[in-house]
Structure formats: structure tokens, C-alpha cells
Asks: 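Right, I'll just put the structure down here and ask away after.
Since we're looking at a predicted model, the values are computed, not measured.
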Amino acid sequence: MLGIAVFYYWPIVKSIVSSLQQTDAFGRHAEFVGLQNYSDLFSSPDLSSAMLNTLLYTLSVLLGIPLSVIIASMIELPGLRFKGLYRALYFMPYLAMPMAVAQVWKIVYNGQFGLLNQILRGLGVNDPPYWLVTPGWALAAVALFGLWASIGFNVIILSAGLKSIPREMYEAASIDGASRWRQFRSITVPLLSPSIFFLVIMTSISGFQLFDALYAMIGTGNPAEPKTRSLVSLFYREAFIDNNQGVGAAIAIVIFLLVAFVTFVQFLGQKRWVNYV
């Protein structure tokens, strides 16, 4: 309990206190300003832009869950050989350092010599976009990377959930004449809903904490950076570049409240669709 209090709850309390103060660049000479930091934050257009980018990224990464359900179901098909190999192949990218993998994707997205644009030119696209420097495409490129990076973890969790479903239910459904699609829709998805719910929670939290992929692939001097800034990126800029630690702490509290609210709503909604056997 002492460790939890020191390393989990004290930083939250300290952030709340800091969000009500103004300090110098080194956190000294604290001056109480009340809700002024929050007023400055909510009057800035950067907050709404960062919040929208964060929500769009989170929704895009959540699309990886249905894809992962399909992949995991295919891996767990009865009689399929080399299941362990397939699980390992999908999970290994999750073990790599995110910053290192992001650098590889940055090369893939390169507008001049990147693999993606080379393929597009080979397909007849004369002027493919510069993915990571064009505001309209940069966030989509990062979201595609996030979706790809999440699949490995999702597949492992869903594979474990699929193993807990009794095979007798599929055999009984097959005897009754249910097709593979009907079995998937009426047995697999409902009984896999606790695992899906867990992934929805974890993916949503991870999406709201988007920073490392943006920092590695977009950087700080990129012309697309202001239009692709996430909430955590905005926090980083305010707290550590502009040395406005009070506003930075206010952003941290806003992120905390958003994550708590979204998680609370998801726990309320899970009563309607999650089936616990």
C-alpha cells in the first residue's frame, strides 16, 4: 500500500496541485492561480484539435479488435497445424521496441523512396502523397501503424479466450445444421465478449496515451505536427518545451478524467453485451 501511495496516488495529487499553480521552468516559486490554467487551456484552439486527433486515433486502433477476432478464430480452427508458430509470428512485433518499429514504418512511409510509395507508383499512381508531412495523411499513417502494432497482443488474448469455449458447443451446433458463420456469430463472439471487452478497455486507454509513435514518426519540426498533435503531445509541449508546467498539469488532469469517464461508460455498457459464463 505504501508503494502504491508513493508511486501512483501521490503523482495524481501532485498533478492536481500543480494544475492550480504557476511556477518557473524548474518548478519553483509556486503561485496559486486557481482555475486560471484550466481557463487558458480550454480557451486555446489547440485543445480541441488535440482531443479530436486523440479520439480519431483511438477509434482507428479499436478497428483492430474485430480484425483480431477473425485472425484468432482462424488460428484456433480445429485441425490447423503450426498454431504455435502462427501465434508467435503475430505476437513477435508486439515485443519489439515501439520507437524502433516506428522508425522502420517511418522509412516505409517516406515520400521519395519509401516502400509504400514505390508500390503505389508501380500501380500507376503518379503523385503519391508525402504521408508523414501532409496534415491530411499524417494522422492516418500513424493510426495504421497503431492498428498494426496492437494486433499481436489482441490475438494472444483472444486465442486464450477461444480455448475456454467448450468444443461440445460447436459440435452440437454443427449437428443442428448451423453453418460456420452462424457458429461464429452465435457462439464464438458472445462467449468471447469478456476478452473483447478487456481489449476495448486496454485499447481505449492506450489510444488516449498516444505519444511515442507520434514523436518518432512525426517529430517536432514537421509541418504536419500541429495538425496531428495528441493530448499527450500537447502536454509534452506545454510542460517541457514551453515550460508552462501549470497548464501541462491541467492537461494531464483532463486526460485522466477523460480516460476515467470513457472507462466508466464502457463498464456501464458492458452489461448489455458481455456474457460471463
Asks: Hey, does the side chain of Q209 reach the backbone of V232 with a donor-acceptor pair shorter than 3.5 angstrom?
Replies: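 Checked: no pair found.
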Asks: Is it true that a side-chain atom of T134 and a backbone atom of G136 form a donor plus acceptor pair closer than 3.5 Å?
Replies: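 Between the backbone of G136 and the side chain of T134 there is no qualifying donor-acceptor contact (under 3.5 Å).
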Asks: Please name all residues satisfying side-chain contact (heavy atoms from CB on, under 4.5 Å) with Q22, sequence neighbours left out, ordered by chain then number.
Replies: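 Q22 satisfies side-chain contact (heavy atoms from CB on, under 4.5 Å) with V33, N37 once adjacent residues are dropped.
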Asks: What's in the same ILVMFWY side-chain cluster as L268, cut-off under 4.5 Å, chained through other members?
Replies: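 Besides L268, the cluster holds F264.
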Asks: Taking Y109's backbone N and O only, do any of them form a donor-acceptor pair with N117's side chain (distance below 3.5 Å, no angle check)?
Replies: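 Looks like no, no N/O pair under 3.5 Å.
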Asks: Between the main-chain N or O of A50 and the side-chain N or O of S230, is there a donor-acceptor pair closer than 3.5 Å?
Replies: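 Between the backbone of A50 and the side chain of S230 there is no qualifying donor-acceptor contact (under 3.5 Å).
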Asks: Any ring-ring contact (aromatic ring centres under 6.0 Å, His included) involving residues 141-164? Give me the pairs, sequence neighbours left out, ordered by first then second residue.
Replies: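 Residue pairs with at least one partner in residues 141-164: Y94-F153, W105-F145, W105-W148.
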Asks: Can you name the side-chain hydrogen bond (donor to acceptor under 3.5 Å, both in side chains) partners of S150, sequence neighbours left out?
Replies: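 S150 satisfies side-chain hydrogen bond (donor to acceptor under 3.5 Å, both in side chains) with no residue once adjacent residues are dropped.
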Asks: Which residues end up grouped with I175 if you chain together Ile, Leu, Val, Met, Phe, Trp and Tyr wherever their side-chain heavy atoms are less than 4.5 Å apart?
Replies: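 Result for I175 is none, singleton.
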Asks: Think R167 forms a cation-pi with Y170, using NZ or CZ under 6.0 Å from the six-ring centre and within 45 degrees of its axis?
Replies: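 Checked: cation-pi criterion met.
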Asks: Can any side-chain N or O of S48 pair as donor or acceptor with the backbone N or O of P45 at less than 3.5 Å?
Replies: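 Confirmed, S48 side chain pairs with P45 backbone.
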Asks: Check the orientation of Y236 and F211. Use parallel for under 30°, tilted for 30 to 60°, and perpendicular for over 60°.
Replies: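 Rings of Y236 and F211: tilted, 30 to 60°.
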Asks: Do any N or O atoms from the side chain of S43 and from the backbone of S39 form a donor-acceptor pair under 3.5 angstrom?
Replies: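 Such a contact is found between S43 side chain and S39 backbone.
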Asks: Have N110 and W131 got a donor and an acceptor in their side chains that come within less than 3.5 Å?
Replies: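 Looking only at side-chain atoms, W131 and N110 do not form any donor-acceptor pair under 3.5 Å.
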Asks: Ring pair (Phe, Tyr, Trp, His ring centres under 6.0 Å) with F42: which residues, sequence neighbours excluded?
Replies: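 So F42 forms no ring pair (Phe, Tyr, Trp, His ring centres under 6.0 Å) with any residue.
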Asks: Looking at L132, is its backbone amide N or carbonyl O close enough to the side chain of N222 to form a donor-acceptor pair, meaning the two atoms are under 3.5 Å apart?
Replies: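 It does hold such a pair.
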Asks: Side chain of N53, backbone of R229: donor and acceptor closer than 3.5 Å?
Replies: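 Here the side-chain-to-backbone pair exists.
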Asks: Between Q245 and S18, do the side chains contain an N or O donor and an N or O acceptor separated by less than 3.5 Å?
Replies: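 There is no such pair between these side chains.
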